[in-house]
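Report on the following structure.
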Amino acid sequence: MAPRFSFPSPPPSAAAEALRSEVRGFLSAALKDRTSLERSESWNGFDKAFSRSLGARGWLGMTWPKRYGGHERSAFERYVVVEETLAAGAPVAAHWIGDRQSGPTLLRYGTEAQKTRVLPRIAAGEAVFCIGMSEPDSGSDLAASRTRAVRSHDGWRITGTKVWTTNAHRADYMILFCRTGDGGAAERHAGASQLLIELKTTPGLTIRPIIDLANQHHFNEVHFEDALVPTDALIGTEGEGWRQVMSELAFERSGPDRFLSSIQLIVELIDALQGGGDAAELAVGRLTAHLIVLRRLSRGVAAMLEAGETPSLHAAIVKDLGAIYEQSIPEIARTLIEGEPDRASTSAFHAVLANVVLNASSWSLRGGTREILRGIIARGLGLR
Ligand SMILES: Cc1cc2nc3c(=O)[nH]c(=O)nc-3n(C[C@H](O)[C@H](O)[C@H](O)COP(=O)(O)OP(=O)(O)OC[C@H]3O[C@@H](n4cnc5c(N)ncnc54)[C@H](O)[C@@H]3O)c2cc1C
């Protein structure tokens, strides 16, 4: 029989709600010139000055210890900042990987020197991170990664290729998942480690662009050709990379970023539907009800993270349901408003619709595909 499980239902936090109006006030001024189309870029929008301004307000690295540049605030206060910035269509790409998963990974497993050197820079909006997990022949099957780091007298020598690396061309650091054991089938999980790579100074490293369906450059291939990084680039324990990367994915999969990617389209849809009658009201009511449920589940995961748990099953559920929701919105919108999607349209609705249509297919791939998440969920529920 499947085990019982539940999502905690944390009550609203007074401190977090007090912060909400401050964040909204800041965002409405900071983003006043941002067009609807730009807002629909969601977490692809890259603006380092904006990230710095969040850092200056203490809204990055919020839950981290003060000695590492953090602010020792609760997971729910951080949640408010994340959901408000995404709902407003803020350009978050320069900080969100560092704030959401690389920083927490370093905080949990990094050496004291790594934490002291890097975390304050993330919290200030200065250090940009990328994720070095996927490879040409191992995306879903991360344990099949072939990029290898070999310990030598002068550091780690790395050979291999990472792919789909979002913002590697703009990033300062990558957390690299690689093999450090001597290989062999028995080592699938045991022989992996994580290394902190300085992208701008490491010799033997080449970054090549991949242009996506929307004709934009976010992805890259990153080639390591006997690239040399110092011995102290190791994060955590050699050979423990698999366990570490699984906890990193729990940070990656549960947040409001997993159901707010097409929020700007909902905003434009509501505007375009004004006076649209029962069908319009029903559609908006349904979308809102689903959004509220997703938010409730996602806050439950935030509560579990706050309690120091690693809620991989719960995070996979939020991510899978969130992707279904995000991807359904363009289809629902198209049935309600006439006209073709067109990024160059003067109608904000049709421009945003075009952007969302071009990007939505990737939302059930990034951060783990639908099929893989369902495998995790089935295993977590004792069904396989
Ligand atoms: C927008 C976006 C941003 C990304 N950013 C990054 C990044 O910054 N860093 C990074 O490392 N990666 C990144 N990725 C890569 C992403 O994590 C991978 O695309 C994803 O894990 C799938 O891997 P793959 O593309 O190799 O597909 P594959 O693993 O080849 O899968 C192809 C299809 O087969 C299915 N499949 C595979 N194995 C199984 C199985 N065992 N059972 C059932 N079905 C299966 C999959 O579900 C999928 O539908 C990004 C991807 C996208 C779309």
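Quantities reported herein were computed from a predicted structural model and do not represent experimental measurements. All ligand and atom numbering here is 1-based and tracks the order in the structure.
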How far is [atom] from the closest protein heavy atom, and which atom is that?
atom	value
atom 9 (N) of ligand 1	Ile131 O, 2.8 Å
atom 42 (N) of ligand 1	Ile372 CD1, 4.4 Å
atom 26 (O) of ligand 1	Gly139 CA, 3.2 Å
atom 31 (O) of ligand 1	Ser140 OG, 3.6 Å
atom 52 (C) of ligand 1	Arg366 CB, 3.4 Å
atom 44 (N) of ligand 1	Glu371 CB, 3.4 Å
atom 12 (N) of ligand 1	Ser134 OG, 2.8 Å

Please tell me whether [X] and [Y] have a donor and an acceptor in their side chains that are separated by less than 3.5 angstrom.
X	Y	value
Gln264	Glu268	yes
Asn355	Ser40	yes
Ser261	Arg366	yes

Which option out of Thr369, Leu176, Val163 puts a heavy atom nearest to atom 46 (C) of ligand 1? Thr369
Minimum non-hydrogen distance to atom 1 (C) of ligand 1, winning option of Phe219, Trp363, Phe177, Trp164: Phe219
Phe129 and Trp96: CA distance, side-chain angles, deciding distance, ring-ring contact (aromatic ring centres under 6.0 Å, His included) verdict: CA-CA 8 Å; Phe129 267 75; Trp96 65 264; over 10 Å; no
Cation over ring, Arg170 on Phe46, under 6.0 Å and within 45°? yes
Taking side-chain hydrogen bond (donor to acceptor under 3.5 Å, both in side chains) as the cut-off, I'd like each qualifying pair that reaches into residues 270-294, sequence neighbours left out, listed once. none
Polar-atom distance check: Asp141 versus ligand 1, any N or O pair below 3.5 Å? no
Under 3.5 Å between any N/O of Thr166 and any N/O of ligand 1: does that happen in this structure? yes
When the aromatic ring centroids of Phe259 and Tyr325 are compared, is their separation below 6.0 Å? no
Close-contact set for ligand 1 against Met133 heavy atoms, below 4.0 Å: 11 (O)
Interfacing atoms of ligand 1 (cut-off 4.0 Å, heavy-atom, Leu365): 20 (C), 53 (C)
Mark yes or no for whether Glu135, through its side chain, and Thr147, through its backbone, hold a donor-acceptor pair below 3.5 Å. yes
Under the salt bridge (Lys or Arg N to Asp or Glu O under 4.0 Å) rule, collect the residues that match up with Arg121, sequence neighbours excluded. none
